[in-house]
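These numbers were taken from a predicted model, which means no experiment stands behind them. Lettering follows sequence order; numbering is per chain, from 1.
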2 protein chains.
Amino acid sequence: MASDNRRIKKKRQSTPFEGQPSELAGVLADLRTAKGLSLRQVEEATDKAVSNAYLSQLENGKIKKPSPNVLHHLAATYAVPYEALMEKAGYLLPAEPGGKRRQRLAAFAIDDLTAEEEEELLKYLAFLRSRS
Amino acid sequence: MASDNRRIKKKRQSTPFEGQPSELAGVLADLRTAKGLSLRQVEEATDKAVSNAYLSQLENGKIKKPSPNVLHHLAATYAVPYEALMEKAGYLLPAEPGGKRRQRLAAFAIDDLTAEEEEELLKYLAFLRSRS
DNA sequence: CCAGACTGCTCAATCGATCAAGCAAATTTA
DNA sequence: TAAATTTGCTTGATCGATTGAGCAGTCTGG
């Protein structure tokens, strides 16, 4: 199963990580045929969450970005990691091979603070800013 | 600003990880006010990717699930990790299965602080914790 | 006190994701 | 071979996300 028509001009700023146009399409099609499932069988497997009509369009790249919800159901059905599909769809960055973690947090973790303490902290923050 | 009306019957199977109804709403509102930005300023900051009208509805929980695209822009604007917002929106599982200590999004951002100020703030945070 | 500049917010209209139906080509069954 | 099934696919309608425009309230300077 080849992949071909790639001529679309995407001018509109759309999604997070503009990845391969529809690499996803091929992947989905392959996964399904690999499992030997028909469109309707998948529809059934996803408990009607993904219609056969929609899946068809998806596999044929006639559709841009399926919702994370749809991807979640498909991932479950094909027994592949959800994040993988999310990535193919361009919702997530290509997972670090080396298992690199965490991005720089610009915000703090303050879960353990009480409401009062948090307020104090904010007050202090305001104070810091007021000095500028 | 409290949070209240939560009586809606969610029968329709909707998104991946059904998380807190609209915890996201509050977080977004907090992040913005923390940064001292107006709705329109954010709209501008996101390069028109998120309208002030929409953000308003989002912060007031009048809207369910913003697209990952929107979250991506907001994350950038508020300088918080994209994945964090994705999680709040229910698109991703609560990160790190291994590391128990989860980082929560602070209700404020500190991008505008100088390195020195940030350090002072952290020191103060440590102080608060030491009192517990 | 008024103009102008902001602010948050609502509401009608738009746009894309998603579905219900139905259609033609295979395949199967009898 | 004809009826019944099944399969991939297209199309019209629906629904929710997102926006454009406008409205009332606040605040500042003249």
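- If you measure from atom CD1 of B:Ile63 to atom P of C:dT10, you get 11 Å, rounded to the nearest angstrom.
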List the steps, then state whether side chain to side chain contact (heavy atoms under 4.5 Å, CB included) holds for A:Leu39 with A:Arg32. CA-CA 8 Å; A:Leu39 293 175; A:Arg32 183 171 64 78; 3.4 Å; yes
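- Here the nucleotide nearest the side chain of B:Ser51, chosen from D:dA17, D:dT19, C:dC19, is D:dT19.
- Every residue was checked against the side chain to side chain donor-acceptor pair (under 3.5 Å) condition with A:Gln57, not counting sequence neighbours, and none meets it.
- In this structure, CG of B:Leu55 is placed 13 Å from P of C:dT7, rounded to the nearest angstrom.
- To the nearest 0.5 Å, atoms CD (A:Glu83) and CG (B:Leu93) are separated by 6.5 Å.
- Considering only residues two or more places apart in sequence or on other chains, B:Asn52 meets the side chain to side chain donor-acceptor pair (under 3.5 Å) condition with B:Glu43.
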Review item, nucleotides 8-14 of chain D N/O atoms under 3.5 Å of protein N/O:
residue : atom : partner : partner atom : Å
D:dG8   : OP1  : A:Arg32 : NH1          : 3.0
D:dG8   : OP2  : A:Leu39 : N            : 3.0
D:dG8   : N7   : A:Arg40 : NH2          : 2.8
D:dG8   : O6   : A:Arg40 : NH2          : 2.4
D:dC9   : OP1  : A:Asn60 : ND2          : 3.2
D:dC9   : OP2  : A:Ser56 : OG           : 3.3
D:dC9   : N4   : A:Asn52 : OD1          : 2.8
D:dT10  : OP1  : A:Lys62 : NZ           : 2.6
D:dT10  : OP2  : A:Lys62 : NZ           : 2.6

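- Rounded to whole angstrom, the span from the CG atom of A:Asn69 across to the C1' atom of D:dG16 amounts to 13 Å.
- Distance, A:Glu44 CD to D:dT6 P: 12 Å, rounded to whole Å.
- Rounded to an integer number of Å, the gap from NZ of B:Lys48 to C1' of D:dA21 is 13 Å.
- Side chain of B:Lys88 to main chain of B:Glu23: no donor-acceptor pair is present (N/O by atom type, distance under 3.5 Å, no hydrogens or angles).
- With rounding to whole Å, B:Asp47 atom CG is found 12 Å from D:dT19 atom P.
- Rounding to the nearest 0.5 Å places CG of B:Leu92 at 5.5 Å from CG of A:Leu92.
- The nearest whole Å value for the distance from the CD atom in A:Glu43 to the P atom in C:dA20 is 7 Å.
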